[in-house]
Amino acid sequence: QVQLVESGGGLVQVGDSLRLSCAASGRTLSSYAVAWFRQAPGKEREFVAAISWTGGSSYYANSVRGRFTISRDNAKNMVYLQMNSLKPEDTALYYCAADERWVASYYYTSTYNYWGQGTQVTVSS
């Protein structure tokens with residue numbers, strides 16, 4: 001099975017950019033569809049973005065579409081989330097998740113069997 005480790009979070013100002021990274025080990029990441037979720041204090045974990053095995057398909061939550069970009073480099077076993085024009089409402093713990101399937105329910109947390117520990121993103125106004 002695959003192990004996931006997120007990095008790249010931090011404290012930024014409104015309008016700044018961050019790039020989150022999700023590093024995989026244990027198995028080649030090209031065998032997995034990957035998604036980013038986030039969870040703010042007191043709220044449920046919510047879908048942010050997902051990408052298919054080869055990167056040919058990607059989907060975004062309405063709240064981040066046009067500002068965030070998910071990408072992957074299977075040769076490096078990495079998935080990225082480029083976040084631009086950050087807003088205070090983007091503040092959350094961001095998780096990387098993976099599953100061998102690429103299904104229509106890509107936005108459900110229950111779709112994914114493998115999760116990282118999360119990286120904190122805080123956007124200050």
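In this text the structure is predicted, and so the values were computed from the model without any measurement. One-based numbering along the sequence shown. Just so you know, these numbers use all the heavy atoms, side chains as well, and skip hydrogens, waters and symmetry mates.
When the side-chain hydrogen bond (donor to acceptor under 3.5 Å, both in side chains) test is applied to Q3, no partner is found at least two apart in sequence or on another chain. Partners of S110 according to the side-chain contact (heavy atoms from CB on, under 4.5 Å) rule, which considers only residues two or more places apart in sequence or in another chain, are Y108.
Minimum heavy-atom separation, A40 to A92: N-CB, 3.9 Å.
Checked by atom type and distance alone, the side chain of R45 never pairs as donor or acceptor with a backbone atom of L93 at under 3.5 Å. Looking only at distances, a side-chain donor or acceptor of E6 sits under 3.5 Å from a matching main-chain atom of C96. Panel note: side chain S105, backbone T111; no donor-acceptor pair is recorded below 3.5 Å. A donor-acceptor contact shorter than 3.5 Å links the side chain of N74 to the backbone of W53. Using a distance-only test at 3.5 Å, with no hydrogens or angles considered, a donor-acceptor pair links the side chain of Y112 to the main chain of Y106. Side-chain N or O atoms of N113 include none that pairs as donor or acceptor with a backbone N or O of D99 at under 3.5 Å.
Remark: R72 CZ to S30 OG distance equals 7.5 Å, nearest 0.5 Å. The CZ atom of R67 lies 10.0 Å from the OG atom of S17; values are rounded to the nearest 0.5 Å. Between S7 atom OG and R19 atom CZ the span is 9.0 Å, to the nearest 0.5 Å. Taking CD of Q82 as the start and OG of S71 as the end, the distance is 8.0 Å to the nearest 0.5 Å.
A ring-centre distance under 6.0 Å is not found for F47 and Y59.
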request  = Evaluate the side-chain contact (heavy atoms from CB on, under 4.5 Å) criterion for residues Q120 and L11: first the C-alpha distance (whole Å), next the side-chain angles of each, then the deciding distance (0.1 Å), finally the verdict.
outcome  = CA-CA 8 Å; Q120 178 68 38; L11 173 63; over 6 Å; no
task = Kindly determine whether S63 and R38 satisfy side-chain contact (heavy atoms from CB on, under 4.5 Å), including the steps that lead there.
result = CA-CA 12 Å; S63 58; R38 66 187 182 186; 3.5 Å; yes
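Between W115 and F37, the ring planes are tilted. Angles from 30° to 60° get that label.
Residue L4 belongs to a hydrophobic cluster whose other members are V2, V12, V14, L18, L20, L29, Y32, V34, W36, V48, I51, Y60, V64, F68, I70, V79, L81, M83, L86, Y94, Y114, V121, V123, with links defined by side-chain heavy atoms closer than 4.5 Å.
Dense packing is recorded around CD of E89, with more than 12 heavy atoms of other residues, nucleotides or ligands lying under 6.0 Å away.
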